[in-house]
Number of protein chains: 2
Amino acid sequence: MRDPANPVCRTISTLLQRIGDKWTVLVVSTLGEGPRRFNELRREIPSVSQRMLTLTLRNLERDGLVSRKVTPSIPPRVDYALTDLGCSLLKPVNALSQWALDNVEAIHRAHARFDTEQDKAEAA
Amino acid sequence: MRDPANPVCRTISTLLQRIGDKWTVLVVSTLGEGPRRFNELRREIPSVSQRMLTLTLRNLERDGLVSRKVTPSIPPRVDYALTDLGCSLLKPVNALSQWALDNVEAIHRAHARFDTEQDKAEAA
DNA sequence: CAGAATCCATCGCGATACTG
DNA sequence: CAGTATCGCGATGGATTCTG
């Protein structure tokens, strides 16, 4: 059950990695507010590069979490939106974010404690 | 609020990355069943290398999620366990895993659909 | 506007060998 | 038993340039 060869386990692992990658959650939570065009997303997430936004959206589309609607006009228009599946992911993701928010300070205290003990250890 | 320069946002991002890395969730969920020694963890997670298990545990300890109790005997004995903070993380993480379990098939269908459409596109 | 393609620095991670 | 140290490959991701 904890065996990474187990296909179910691998699927979970893959999902967690996607959640953990640099831009996915940012994009998903932005789309959680409503559909966006490509450059709208870029503006709302200023630090994402064009390349990474494209890759992130492709992965999300492949997972069935985001829909991509192309309007072949000039200039072209592409609208991204969460699918129902994508929306359903919002809840557990937000729960995790909320946990992080609730425990930011505890984590920082833990870091400080750990790091000072580390310093004492190497001073010796 | 969505600005990666925002320290709170960075903390969330860091946590999500930790969740997303290859071994953290496996280790945390194993420790969720009770305290374990180093090599017990290795046996229960056969594919983890010594190095990565050490690093994963160090990070978890630094975050205050896992406690490390050394018994200086010969041979030495080290017990790892979830802290209260670590336990509290279990719930949102399990929620996410459960979501993945519930939607494994939907995701696989999405992959299949996406990939065949990809093939058609490049065939043209 | 919404990308695709290319180049390149960095890093995660595994394999291996050594230690108190 | 529970680590640490070193090496090296492949993947990740940023910057830049080109396109329909």
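Per chain, numbering begins at 1; letters A, B, ... match sequence-line order.
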Peer 1: Without decimals, in angstroms, what is the distance between A/N39 CG and C/dA2 P?
Peer 2: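 Taking atom P of C/dA2 as the reference, CG of A/N39 is at 5 Å.
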
Peer 1: It should be established whether A/R58 places a side-chain nitrogen or oxygen under 4.0 Å from OP1 or OP2 of nucleotide C/dG3.
Peer 2: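 True: A/R58 side-chain N/O within range (under 4.0 Å) of C/dG3 OP1/OP2.
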
Peer 1: In this structure, how many angstroms lie between the P atom of C/dA4 and the CG atom of A/L53, rounded?
Peer 2: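 Atom CG in A/L53 sits about 11 Å away from atom P in C/dA4.
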
Peer 1: Using atom CE of B/M52 as one end and atom C1' of C/dT16 as the other, report the distance to the nearest whole Å.
Peer 2: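 It is 16 Å, rounded to the nearest whole Å.
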
Peer 1: Strictly below 4.0 Å: does A/Y80 bring a side-chain N or O up to OP1 or OP2 of C/dC1?
Peer 2: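 Checking C/dC1 against A/Y80, no side-chain N or O comes under 4.0 Å of OP1 or OP2.
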
Peer 1: What is the distance, to the nearest angstrom, from the CG atom on B/N59 to the P atom on C/dC13?
Peer 2: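 Interatomic distance, CG of B/N59 to P of C/dC13: 10 Å.
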
Peer 1: D/dG3 phosphate, OP1 or OP2: any side-chain N/O from B/R68 under 4.0 angstrom?
Peer 2: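 Checking D/dG3 against B/R68, a side-chain N or O does come within under 4.0 Å of OP1 or OP2.
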
Peer 1: Determine whether A/L31 and A/M52 fall in the same hydrophobic cluster, where Ile, Leu, Val, Met, Phe, Trp and Tyr are linked whenever their side-chain heavy atoms lie under 4.5 Å apart.
Peer 2: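 Yes: a chain of side-chain contacts under 4.5 Å links A/L31 to A/M52.
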
Peer 1: Cut-off 3.5 Å, side chains only: do B/S97 and B/N94 have a donor facing an acceptor?
Peer 2: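 No.
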
Peer 1: Could you state the atom-to-atom distance from CG of B/D79 to P of D/dG3 in whole Å?
Peer 2: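 That distance rounds to 10 Å.
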
Peer 1: Within the structure, does a side-chain N or O atom of A/R51 lie under 4.0 Å from either OP1 or OP2 of D/dT16?
Peer 2: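 Result: no.
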
Peer 1: To the nearest 0.5 Å, what is the distance between CG (A/L89) and OG (A/S29)?
Peer 2: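 Result: 11.0 Å between the selected atoms.
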
Peer 1: Take B/Q50 and A/S47, find for each the nucleotide of DNA chain D with the closest heavy atom, and name the residue whose nucleotide sits nearer the 5' end.
Peer 2: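 With B/Q50 and A/S47 compared, the 5'-side residue is B/Q50.
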
Peer 1: Would you kindly give the CG-to-P distance between B/D21 and D/dT12, to the nearest whole Å?
Peer 2: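 Between P of D/dT12 and CG of B/D21: 14 Å.
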
Peer 1: From CH2 of A/W23 over to P of D/dG13, roughly how many Å is that when rounded to an integer?
Peer 2: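 Between P of D/dG13 and CH2 of A/W23: 9 Å.
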
Peer 1: Under a 4.0 Å threshold between the charged nitrogen and the carboxylate oxygen, would B/D63 count as salt-bridged to B/R18?
Peer 2: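 Salt bridge between B/R18 and B/D63, a charged N being under 4.0 Å from a carboxylate O: yes.
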
Peer 1: Establish, with yes or no, whether the OP1 or OP2 oxygen of D/dA2 is under 4.0 angstrom from a side-chain nitrogen or oxygen of B/R37.
Peer 2: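 Checking B/R37 against D/dA2: at least one side-chain N or O falls below 4.0 Å of OP1 or OP2.
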
Peer 1: Can you tell which of D/dG3, D/dC1, C/dC1 lies closest to the side chain of B/P75?
Peer 2: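 That would be D/dC1.
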
Peer 1: If you take all heavy atoms of B/Q50 and B/F38, which pair is closest and at what distance?
Peer 2: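 That would be O-CZ, 3.9 Å.
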
Peer 1: In terms of the nearest nucleotide of DNA chain C, which residue is placed more toward the 5' end: A/L57 or A/Q17?
Peer 2: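 Comparing both residues, the 5'-ward one is A/L57.
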
Peer 1: How many whole angstroms separate atom CD of A/E40 from atom P of C/dA2?
Peer 2: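 Result: 8 Å.
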
Peer 1: Which nucleotide, D/dC1, C/dA2, C/dG14, lies nearest any side-chain atom of B/P76?
Peer 2: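 Given the options D/dC1, C/dA2, C/dG14, the side chain of B/P76 is closest to D/dC1.
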
Peer 1: Starting the side chain at C-beta, find the nucleotide from C/dC13, C/dC1, D/dG14 nearest to A/K22.
Peer 2: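 Nearest to the side-chain atoms of A/K22, counting from C-beta on, is D/dG14.
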
Peer 1: Identify which nucleotide among C/dG14, D/dT4, C/dA4 has an atom closest to any side-chain atom of A/T54, counting heavy atoms from C-beta outward.
Peer 2: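 Of all the options, the side chain of A/T54 is nearest to C/dA4.
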
